[in-house]
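Quick note on labels: first sequence line is chain A, next is B, and so on, each numbered from 1.
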Amino acid sequence: MEATILPEVTAAGVIIKAVLILAVISAIAGFGTFIERKILAFMQRRLGPMHVGPHGLLQLAADGIKLFTKEDIIPQHANKVVFAVAPAITAATAFIALAAVPVFPDFTIPFVDIYVPSIASDINVGILFVLGMMAAGLYGPLLAGMAQANKWGIIGSARTAIQFLSYEVITGLSILAPIMMVGSLSFVDFNNYQTDGLWMVVYQPVAFVLFIIAGFAETNRTPFDLLEHEAEVISGYATEYSGMRWGMFFIGEYANMITIGVIAAVVFLGGYNDFWIFPGWLMIIAKIAFSFFFMLWVRAAWPHVRPDQLMWLCWKVLMPLAVINVIITGIVMMLV
Amino acid sequence: MSLEQFKNRNVGTQNYKKLDLEHSPTCGWCQFKQVVSRTFKPELFVGLWVTLREMGNALFRGKMHTTQYPFEKLPISPRYRAIHDMLRLLESGHYRCIGCGLCEKICISNCISMDTRYDENQRKEVSEYTINFGRCIFCGYCAEVCPELAIVHGPRYETASEQRASFSLFEDMLTPIDKLNLQQEYDGFGAISSNADENIKKTPLAY
Ligand code: SF4
Ligand code: SF4
């Protein structure tokens, strides 16, 4: 495919992009906690946080102060090194995954003339890299649960393993069918594939649904929030964590939610192409925002499943569906 | 309906009504069918719709439940027995208490202490009147016995304070003289709440 001539990507541009992603996504992840509390409250006809700042907007600052100043407790019998490193794994992998994801459209900073690309690094195995990084992120909960010498933590990490074994197959297989159609693993190619034609979700509705389900499992969102379901396992892998270490798990989880939103938007929902009168940047923000909202909405509406139900669902229902979907896609591609 | 059948504790002899539940599937294919039918039943989407509808109700139709408590308060029933008020006569503004001592006498936790004397016009005046709210059980006998409707229960239920004494002096309970026009008459025991009519409902249980 003959791409339009883009300005050269310089190191300065990539660094600016990386800082931009880090700053904006951390801010959004923090803001996401506020949005989540508000939306859940509205759906239950409550007001949510109201008292700190106008409509509780400064609640974020209050939470930040609390998280930063809380005592950082490491339990006596914990494996201290692993305990300390585990939250960093979750947060770091979440942000590393975002490096290969197109987050904003590209632009050129005026005056200094630095071109900032839409992806920090457009590697040719983009999707694999992102999914792999998000999967590696589950080492965070896994190690955290095992390092803290707490039985709830152990149960939490056991559930992490179960969850990991369950959904990872579905994620890969569900996204395989679109990959076959596009013939590339780069997000940019996915985006360009849908520039003129219909959105991928029209061709691959089954894959889309499977991917969304797996995405919920990947981000530990409500129907599959087994790792830390407080009614059953106190807080699961995060039981012994406090202060900023706990906050890092949280930021990682919200960053992952955004990543899943981006992948769903780029792979299935038309990416950052212009749509009717709306410019591309608005469309991608709207799509990501809707994915985020959908995750909160589901949390307000649906109960969560047991670990064995998750395994059963993933291996006995979703995986066959995904495989059939891949086969049918292959046959159709062969014939057409 | 007699009580007989409720006293029968022998399991298996009562008239239980069985819910009309489907049998749980036994074969693999039946399980699969159940999953498929449950998957494509729109129940999950009904759940989504209900939460979205409630969000719309809350945001746009004023059906938010939250009362922002320290700033907003729900109206309380006139029967509610909280910290006492001492009322004044509306015409003269003089306190109503005639110092008869009935409330002190009837108080079952013995927490009212009062003293009276003759003033310069040989009228009885209340020289001391305190209620020890550390002991008061808010039984309401004092308000019931008072012949002058002088001591009543007010609506002040927020009784956390640094000192009990902040509530318990005669002057604290007495209606402030500049708020005399706002003084509420006490409806007393058995009074129905002001919105009682709205609260009347048909009994939902049909037995
Ligand atoms: S409410 Fe009961 S206990 Fe309290 S002062 Fe009156 S009579 Fe005594
Ligand atoms: S019963 Fe009423 S009138 Fe008599 S002393 Fe008590 S408050 Fe005063």
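Here the side chains of A:Phe42 and B:Met64 are in contact, with some heavy-atom distance below 4.5 Å. Two residues are said to be in side-chain contact when any heavy atoms from C-beta on lie closer than 4.5 Å; A:His51 and B:Gln68 meet this criterion. Contact of the A:Arg45 side chain with the B:Glu54 side chain is registered, since non-hydrogen atoms from C-beta on lie closer than 4.5 Å.
Interatomic distance, CD of A:Gln44 versus OG1 of B:Thr66, reported as 10.0 Å (0.5 Å rounding). Between the CE atom of B:Met55 and the CD1 atom of A:Ile39 there is a distance of 4.5 Å, given to the nearest 0.5 Å.
Contacts between residues 297-306 of chain A and chain B, defined by a heavy-atom separation under 4.5 Å, are made by A:Trp297, A:Val298, A:Ala300, A:Ala301, A:Trp302. Contacts between residues 161-174 of chain A and chain B, counted as heavy-atom pairs separated by less than 4.5 Å, involve no residue at all.
Taking A:Phe249 as the reference, A:Tyr237, A:Tyr241 meet the ring-ring contact (aromatic ring centres under 6.0 Å, His included) condition, with sequence neighbours excluded.
Pairs of residues two or more places apart, or lying in two chains, that qualify as disulfide (SG to SG under 2.5 Å) and include a residue from residues 23-95 of chain B are B:Cys27-B:Cys30.
Heavy atoms of other residues, nucleotides or ligands lying less than 6.0 angstrom from CZ of B:Phe45 number 12 at most. Counting heavy atoms of neighbouring residues, nucleotides and ligands inside a 6.0 Å radius, atom CZ of A:Phe293 exceeds 12 of them. Applying the 6.0 Å contact sphere to CD of B:Glu128 captures no more than 12 heavy atoms from other residues, nucleotides or ligands.
For a residue to count as touching a neighbouring chain, one of its non-hydrogen atoms must lie under 4.5 Å from one of that chain's; by this rule B:Leu59 touches chain A with the side chain only. Only the side chain of B:Phe71 comes within less than 4.5 Å of a heavy atom of chain A; its backbone N, CA, C and O stay farther away.
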